[in-house]
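Take a look at the structure below.
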2 protein chains.
Amino acid sequence: MSLKYAVLAALLEGEASGYELSKGFDVSLANFWPATPQQLYRELERLAQDGLVRARTVQQERRPNKRMFTLTEAGRAELGAFAAEPPKRPMAVRDELLIKIQAMDGGDPEATRALIEERMGWSRGKLDRYRRVQSRLLDGRTEDEYLRETDRVGPYLTLMAGISFEQENVRWCERVLTVLRRRVALG
Amino acid sequence: MSLKYAVLAALLEGEASGYELSKGFDVSLANFWPATPQQLYRELERLAQDGLVRARTVQQERRPNKRMFTLTEAGRAELGAFAAEPPKRPMAVRDELLIKIQAMDGGDPEATRALIEERMGWSRGKLDRYRRVQSRLLDGRTEDEYLRETDRVGPYLTLMAGISFEQENVRWCERVLTVLRRRVALG
DNA sequence: CTCGCATAGTCAATTAATTGAATAGGTGTG
DNA sequence: CACACCTATTCAATTAATTGACTATGCGAG
């Protein structure tokens with residue numbers, strides 16, 4: 001249900017094709033509302049039929065044509081209404097790793113350690129990418145300066161959420177590794 | 001795909017009915033692998049057919065009969081194998097609120113503030129429940145003492161993940177509220 | 001020159017998830 | 001004493017998501 005609004009929100013940044021969304025989604029909305037390319041194409045089609053989005057086909061040479069999508073006024077209005085009302089479903093996390101951790105006892109601690117290291121590396125990478133987006137936005141200014149000057153705080157606030165989430169993730173991994181080391185030592 | 005293992009992991013705690021899982025899931029595995037009752041019943045049925053779980057019907061008076069499920073050795077083995085190999089899918093977060101925050105600019109800041117307050121209250125409540133589970137587990141001991149004495153660290157480590165996740169959530173909400181207050185003041 | 005990847009999608013099949021209702025006695029509230 | 005909610009599931013219908021393949025061209029590496 002909310003993919004609809006995620007797509008509309010993504011188009012606040014400007015015109016985009018389904019392909020571009022399915023790529024660039026990765027640095028923003030995909031972090032809290034993941035979607036496959038197929039989902040995006042289907043959703044854009046529906047939005048266009050409902051008049052929330054306008055499509056135009058861009059003829060291209062030496063590459064397939066693409067369809068570019070823009071928010072319509074109706075789309076902007078629907079998104080605004082959505083943004084003001086309370087969420088229908090609470091936030092949900094799905095994390096296979098935590099199932100594995102829950103079930104780790106009795107298994108090989110070395111295998112568990114490897115899983116945690118992998119997650120930690122992944123989170124650090126994500127954090128780096130977030131930080132790069134952040135300094136591109138700040139562009140030399142402090143956070144306070146930026147927030148005073150910009151007209152759109154929304155994207156920055158969600159970026160902050162991503163950053164603190166991954167920071168906490170890394171910290172948790174470190175604590176787990178400490179526990180695992182002690183376990184192995186005391187065997 | 002992983003619901004299967006989430007259910008098996010839940011049964012590590014001991015025999016349980018579908019109904020109990022659909023309730024008690026809430027204080028542990030449901031936090032990182034949510035499932036509706038219907039999903040659980042279906043999954044338990046499949047697991048029983050695959051021999052990973054054994055079912056027995058418990059006759060009850062003044063209440064509907066229930067089917068209690070236990071892990072079989074085969075189930076335990078499959079779960080152990082699962083726990084040792086790397087996750088197929090990365091962790092995913094789905095959060096409607098963040099879509100609303102992303103799209104908040106131009107809307108009513110007061111409405112946004114209300115949404116954040118709501119989330120903060122919810123996270124604080126979750127945190128309280130986690131902390132109650134934690135002190136029940138610790139039972140007067142320090143964390144270090146507990147981790148040295150217990151044979152199962154897994155559930156405690158996932159509990160730690162939940163606690164630090166919600167703590168960070170509350171902190172993020174506070175930062176957002178600060179930003180919103182400044183916006184309104186300078187607006 | 002071939003292999004594979006990037007662009008920019010579409011289509012179809014299967015699997016999974018969501019929603020709502022049905023059953024049926026028991027327990028608690030005003 | 002009526003109404004709603006708890007226990008404990010099952011069933012069916014619809015909607016959504018996942019997976020893999022298919023089209024077609026261009027570009028760069030080896």
Side-chain angles (χ1 to χ4, degrees), chain A residues 1-7 10-11 15-27 29-30 32-50 53 55-70 87-94 96 99, chain B residues 1-7 10-11 15-26 29-30 32-50 53 55-70 87-96 99:
Chain A
M1 281 287 91
S2 306
L3 178 57
K4 172 178 171 181
Y5 300 102
V7 170
L11 291 178
E15 199 180 26
S17 70
Y19 192 76
E20 283 164 0
L21 286 182
S22 79
K23 302 271 112 166
F25 228 55
D26 188 63
V27 286
L29 280 141
F32 44 88
W33 206 271
T36 61
Q38 289 79 356
Q39 276 176 281
L40 293 174
Y41 285 122
R42 239 186 302 125
E43 201 59 49
L44 284 166
E45 203 49 62
R46 243 176 298 185
L47 290 171
Q49 272 170 4
D50 296 353
V53 137
R56 68 187 178 97
T57 303
V58 176
Q59 232 70 24
Q60 289 190 125
E61 299 178 4
R62 17 191 124 262
R63 81 206 16 265
N65 297 340
K66 58 179 171 180
R67 300 179 71 204
M68 299 291 284
F69 298 88
T70 331
K88 295 260 158 24
R89 295 175 221 309
M91 165 195 43
V93 177
R94 279 208 132 77
E96 237 182 274
I99 304 177
Chain B
M1 281 287 91
S2 307
L3 177 57
K4 170 178 172 182
Y5 301 102
V7 170
L11 291 178
E15 197 180 28
S17 70
Y19 192 75
E20 284 164 358
L21 286 182
S22 79
K23 304 269 111 168
F25 227 55
D26 188 61
L29 280 140
F32 43 88
W33 207 271
T36 61
Q38 290 79 357
Q39 277 177 280
L40 292 174
Y41 285 120
R42 237 184 308 124
E43 201 59 50
L44 284 166
E45 202 50 62
R46 243 176 299 184
L47 290 171
Q49 272 169 3
D50 295 352
V53 138
R56 67 187 181 97
T57 302
V58 176
Q59 232 69 26
Q60 290 190 124
E61 297 177 5
R62 18 189 123 264
R63 167 176 307 284
N65 297 341
K66 56 178 171 180
R67 299 178 71 205
M68 299 291 284
F69 298 88
T70 332
K88 295 258 158 21
R89 296 175 220 310
M91 165 196 43
V93 177
R94 277 208 135 75
D95 192 349
E96 237 182 272
I99 303 178

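Chain letters run A, B, ... following the sequence lines, proteins first, then strands; residues in each count from 1.
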Could you tell me how far apart B:L21 (CG) and D:dA8 (P) are, to the nearest whole angstrom? 12 Å
Can a side chain N or O of B:Q60 be found less than 4.0 Å away from OP1 or OP2 on D:dA8? yes
From NZ of B:K66 over to C1' of D:dC6, roughly how many Å is that when rounded to an integer? 13 Å
Show your reasoning for whether side-chain contact (heavy atoms from CB on, under 4.5 Å) applies to B:M68 and B:T70. CA-CA 7 Å; B:M68 299 291 284; B:T70 332; 5.9 Å; no
Quickly work out the A:Q39 CD to D:dT19 P distance and round it to whole Å. 11 Å
Is A:R42 touching bases, backbone alone, or none of the nucleic acid, heavy atoms closer than 4.0 Å? base
Taking the nucleotide of DNA chain C with the closest heavy atom to each, which residue, A:P64 or B:R62, is nearer the 5' end? A:P64
Outermost nucleotides of DNA chain C that come under 4.0 Å of a non-hydrogen atom of chain B: C:dA16 to C:dG26
My understanding is that only residues two or more places apart in sequence, or in another chain, count here; which of them pass side-chain hydrogen bond (donor to acceptor under 3.5 Å, both in side chains) with A:S2? B:E96
Report yes if some heavy atom in the side chain of B:L21 is under 4.5 Å from a heavy atom in the side chain of B:L44; otherwise report no. yes
When A:L3 and B:R63 are each assigned the nearest nucleotide of DNA chain D, the 5'-most assignment goes to B:R63
Within less than 4.0 Å of OP1 or OP2 of D:dA8, is there a side-chain N or O belonging to B:S22? no
Could you state the CD-C1' distance from A:Q59 to D:dT25, rounded to the nearest angstrom? 15 Å
Measure the shortest side-chain to side-chain distance between B:R94 and A:R89 over non-hydrogen atoms and say whether it is less than 4.5 angstrom. no
Is B:Q38 touching bases, backbone alone, or none of the nucleic acid, heavy atoms closer than 4.0 Å? base
Pair A:V93-B:D95, side-chain contact (heavy atoms from CB on, under 4.5 Å): steps then yes or no: CA-CA 8 Å; A:V93 177; B:D95 192 349; over 6 Å; no
Verdict with reasoning, B:K23 to B:E20, per salt bridge (Lys or Arg N to Asp or Glu O under 4.0 Å): CA-CA 5 Å; B:K23 304 269 111 168; B:E20 284 164 358; over 6 Å; no
